[in-house]
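Reckoned from all heavy atoms, side chains included, excluding hydrogens, waters and symmetry mates. Just follow the structure's listing: the first ligand is 1, and inside any ligand the first atom is 1.
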Amino acid sequence: MAENLNLEQLQTPSSVFFLFGATGDLARRKLFPAIYSLYREGKLADDFAVIGVARRPRTQEEFREDVYQSIQEFCRYKAEANEEWYAFAQHFEYKALDINDVNGFRELKEQTEKIEERYHIPGNRMFYLALAPELFGSVSFNLQKGGMLEGQGWKRLVIEKPFGYDLKSAETLNEQIRQVFREEDIYRIDHYLGKEMVQNIEVIRFANAFFEPLWNNMHIANIQITLSETVGVEERGGYYDHAGALKDMGQNHMLQMLTMIAMEPPSRLLPEDIRDEKVKVLRSLRPYLNAEEVEKNVIRGQYIAGSANGQELPAYRAEDKVDPNSNTETYFATKLFVDNFRWAGVPFYIRTGKRLPVKTTEIVVEFRSMPTNVYLGQKHKLEPNLLVIRVNPMEGIYVKINAKKPGSESDIQPVAMDFCQSCMVGINSPEAYERLLHDAVRGESTYFTRWDEVASAWSFVDRIAEAWAEDPGKLSTYPAGSWGPTEADELLEKDGFHWWPVNGQDEDNVVWNK
Ligand SMILES: NC(=O)C1=CN([C@@H]2O[C@H](COP(=O)(O)OP(=O)(O)OC[C@H]3O[C@@H](n4cnc5c(N)ncnc54)[C@H](OP(=O)(O)O)[C@@H]3O)[C@@H](O)[C@H]2O)C=CC1
Ligand SMILES: O=C1O[C@H](COP(=O)(O)O)[C@@H](O)[C@H](O)[C@H]1O
């Protein structure tokens, strides 16, 4: 029998979790809440410690208060200021240092050793960099120079996206961190890989006899991946205006979801076997060879002023820290091909954007139509079968099939066979960051991106970004609160397809099994 990893049996070892960027947005909104949820669910070792690191001065009490406030605001479990909270908060300490100052790291070492002694932690250290990528190299070097990587126990580096701004900068970054850490000790986060339903794609595909035989170009007409957001750029205008939708979401989350959908079944469910299959998909992406191909196949747009739910919304160019003449895309849609035997000729359409009408991530697999339609002339045109994977905020899958309308002579109507996971587990489905932190501390690297995946994704995306850089003027606009530029609809219409309604917007047309 093939050897697999038994996640349930992986122990959570005692360790110190260093959070660089502890006064930042990501720490506040995602990381402190994730640690607290893991604690509440008994998924942390009894002997654990968290050291927050950033430049701002904070007393230990102030830092613990920051953590408390973040949990109250963003965590799915609420804390009560009682003894239990006090016991938990004692595990948190703060160290003010500048990443570029090695002396700060020497002091950090002393502080760490005291904590490790207090909690009997055997030198296991996880360094989470919730920092701008320019600082990743300096942190790695100074961790080494400051003696933080010495002694027994494992030392792991967890890095946030974006991993570079293009292939070249990613390579430089990678060379820097690889001078200090081994590839197997580097955990590159793509939080979409921590989402319940993205991980479920593997199970849906490889544990169901009726999907895998149909999972190819003989039976699938096209695949659509939509990641729509209602928010604008919020406080992150400075970062976003340099990144844009393609690099912020396309290079990572969208391509990672595509790999999960398109990869071959691995022979074993071991991290490297799965990652090997994913990277093959990225290497099989058909590159756009020139600016004309990019223009034909990739639509980019930027939102102008609009409205949603009766609220007036500003144009992107009027957002805080955004250049008023910015040509950065807040939306892109593209048609891709995975040039291998399984997927030859099947278009993958992916789209993402800010200030769209709903917050949703969905993957729609559209099956080919029946070879002949014996129901021609009936009232209802036969719709293709769909498998829809709802990633968030609703979690679940449904299969859309055609059935006879009860009581009618021969009317046909689409019905949905629905597995609504969020209906069963409610809002308590573990957040992506919880799952990924838990995996990283246990040394489970499957749902982190390996260097060759990152590099292949950048190679693909760079060609698009370069074509856009040559001709920055060709940018469509769309009103905030709309579904993006009309050109994105035409992209599918040219092929005889259309975007399927997402987020249950098709419900009037479909009978649901509820
Ligand atoms: N926020 C989000 O939703 C997401 C963020 N990310 C990524 O995570 C990373 C962090 O993002 P975010 O939290 O939003 O950023 P913020 O700007 O909110 O926080 C940056 C953090 O870095 C610290 N910092 C900056 N310079 C130094 C320095 N020289 N020495 C020590 N600490 C320093 C800041 O603390 P201080 O000023 O006190 O020094 C602060 O804690 C970025 O790479 C971002 O792209 C990825 C996905 C989502
Ligand atoms: O990585 C990012 O993801 C968020 C969207 O994540 P979600 O889990 O809320 O869907 C996006 O808003 C942000 O711009 C991007 O950097």
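Polar contact check, Gly21 against ligand 1: a nitrogen or oxygen pair lies under 3.5 Å apart. Considering backbone and side-chain N/O of His253, one or more are found under 3.5 Å from N/O of ligand 2. Taking only nitrogen or oxygen atoms, main chain and side chain alike, Thr361 does not reach within less than 3.5 Å of ligand 2.
Considering Lys30, Arg29, Arg76 in turn, Lys30 is the only one that fulfils the salt bridge (Lys or Arg N to Asp or Glu O under 4.0 Å) rule with Glu431.
Residue contact check for ligand 2: Tyr240 places no non-hydrogen atom closer than 4.0 Å to it. His191 does not count as a contact of ligand 1, since none of its heavy atoms falls under 4.0 Å from the ligand.
Residue, atom and distance of the protein heavy atom nearest to atom 6 (O) of ligand 2 are His191 NE2, 3.2 Å. Looking only at heavy atoms of the protein, atom 14 (O) of ligand 2 is closest to Asp248 OD2, 2.6 Å. Counting protein heavy atoms only, atom 11 (C) of ligand 2 is closest to Glu229 OE2, 3.4 Å. Atom 41 (O) of ligand 1 has Thr23 OG1, 2.7 Å as its closest protein atom, hydrogens excluded (heavy atom only). In terms of protein heavy atoms, atom 14 (O) of ligand 1 is closest to Asp25 CB, 3.5 Å. Nearest protein heavy-atom neighbour of atom 7 (C) of ligand 1: Lys161 O, 3.2 Å. For atom 23 (C) of ligand 1, the closest non-hydrogen atom of the protein is Leu131 CD2, 3.8 Å. Looking at atom 12 (P) of ligand 1, its nearest protein heavy atom turns out to be Leu26 N, 3.9 Å.
Atoms of ligand 2 found under 4.0 Å from any heavy atom of Lys354, numbered from 1 in the order shown, are 11 (C), 12 (O), 13 (C), 14 (O). For ligand 2, the atoms sitting less than 4.0 Å from at least one non-hydrogen atom of Lys161 are 1 (O), 2 (C), 15 (C), 16 (O), numbered in the order shown with element in parentheses. Contact atoms of ligand 1 toward Arg29: 1 (N), 2 (C), 3 (O) (distance under 4.0 Å to a heavy atom of the residue). The contact set between ligand 1 and Ile99, taken as ligand atoms under 4.0 Å from a residue heavy atom, comprises 28 (C), 29 (N), 30 (N), 31 (C). Those atoms of ligand 1 that come under 4.0 Å of a heavy atom in Gly24, given as number and element, are 13 (O), 18 (O), 19 (O), 40 (C), 41 (O). For ligand 2, the atoms lying closer than 4.0 Å to a non-hydrogen atom of Lys195 are 7 (P), 8 (O). Heavy-atom contacts of Arg236 reach the following atoms of ligand 2: 13 (C), 14 (O), 15 (C), 16 (O) (cutoff under 4.0 Å). Heavy-atom contacts of Leu97 reach the following atoms of ligand 1: 30 (N), 31 (C) (cutoff under 4.0 Å). Residue-ligand proximity, Leu135 to ligand 1, at heavy-atom distances under 4.0 Å covers atoms 26 (N), 27 (C).
The aromatic rings of Phe32 and Phe63 stand perpendicular to each other, their planes meeting at an angle above 60°, with 30° marking the opposite boundary. A perpendicular orientation is assigned to the rings of Tyr36 and Phe88, their planes being inclined by more than 60° (bins at 30° and 60°).
Between atom 10 (C) of ligand 1 and the options Ala22, Ala130, Ala243, the minimum heavy-atom separation is to Ala130. With Lys359, Glu431, Met249, Glu234 as candidates, the residue nearest to atom 9 (O) of ligand 2 on a non-hydrogen basis is Lys359. For atom 26 (N) of ligand 1, the candidate residues are Arg55, Arg56, Arg28; the nearest heavy-atom contact is made by Arg55. Looking at Glu160, His253, Arg236, it is Arg236 that brings a heavy atom closest to atom 5 (C) of ligand 1. Among Tyr192, Tyr433, Tyr239, the residue whose heavy atom lies nearest to atom 10 (O) of ligand 2 is Tyr192.
No side-chain donor-acceptor contact under 3.5 Å links Glu62 and Tyr94. Side chain to side chain, Tyr349 and Glu366 fail the donor-acceptor criterion of an N or O pair below 3.5 Å. Side chains of Thr12 and Arg442: no donor on one and acceptor on the other come within 3.5 Å. In this structure, a donor-acceptor pair under 3.5 Å is absent between the side chains of Asn252 and Arg188. Judged purely by distance below 3.5 Å, without hydrogens or angles, the side chains of Glu175 and Gln179 never pair a donor atom with an acceptor atom. Neither side chain, Thr449 nor Asp190, offers a donor N or O lying under 3.5 Å from an acceptor on the other. Between Tyr303 and Glu319, the side chains place a donor N or O and an acceptor N or O closer than 3.5 Å (distance only, hydrogens not considered). In the model, Glu183 has no side-chain atom that pairs as donor or acceptor with a side-chain atom of Trp451 under 3.5 Å. Of the N and O atoms on the side chains of Thr446 and Glu444, at least one donor lies less than 3.5 Å from an acceptor on the other residue. Using a 3.5 Å distance cut-off with no hydrogens or angles, the side chains of Thr486 and Asp489 do not pair a donor with an acceptor. For Glu134 and Tyr165, the side-chain atoms include at least one donor-acceptor pair closer than 3.5 Å.
For the atom pair CG (Leu491) and CZ (Arg351), the distance works out to 11.0 Å, reported to the nearest 0.5 Å.
Distance check for atom 17 (O) of ligand 1: every protein heavy atom is found at 4.0 Å or beyond.
Under the 3.5 Å distance criterion, the side-chain polar atoms of Asn142 are matched with a main-chain donor or acceptor of Ile99.
Using a 4.0 Å cut-off between heavy atoms, Asn392 contacts ligand 2 through its side chain alone, with no backbone atom that close.
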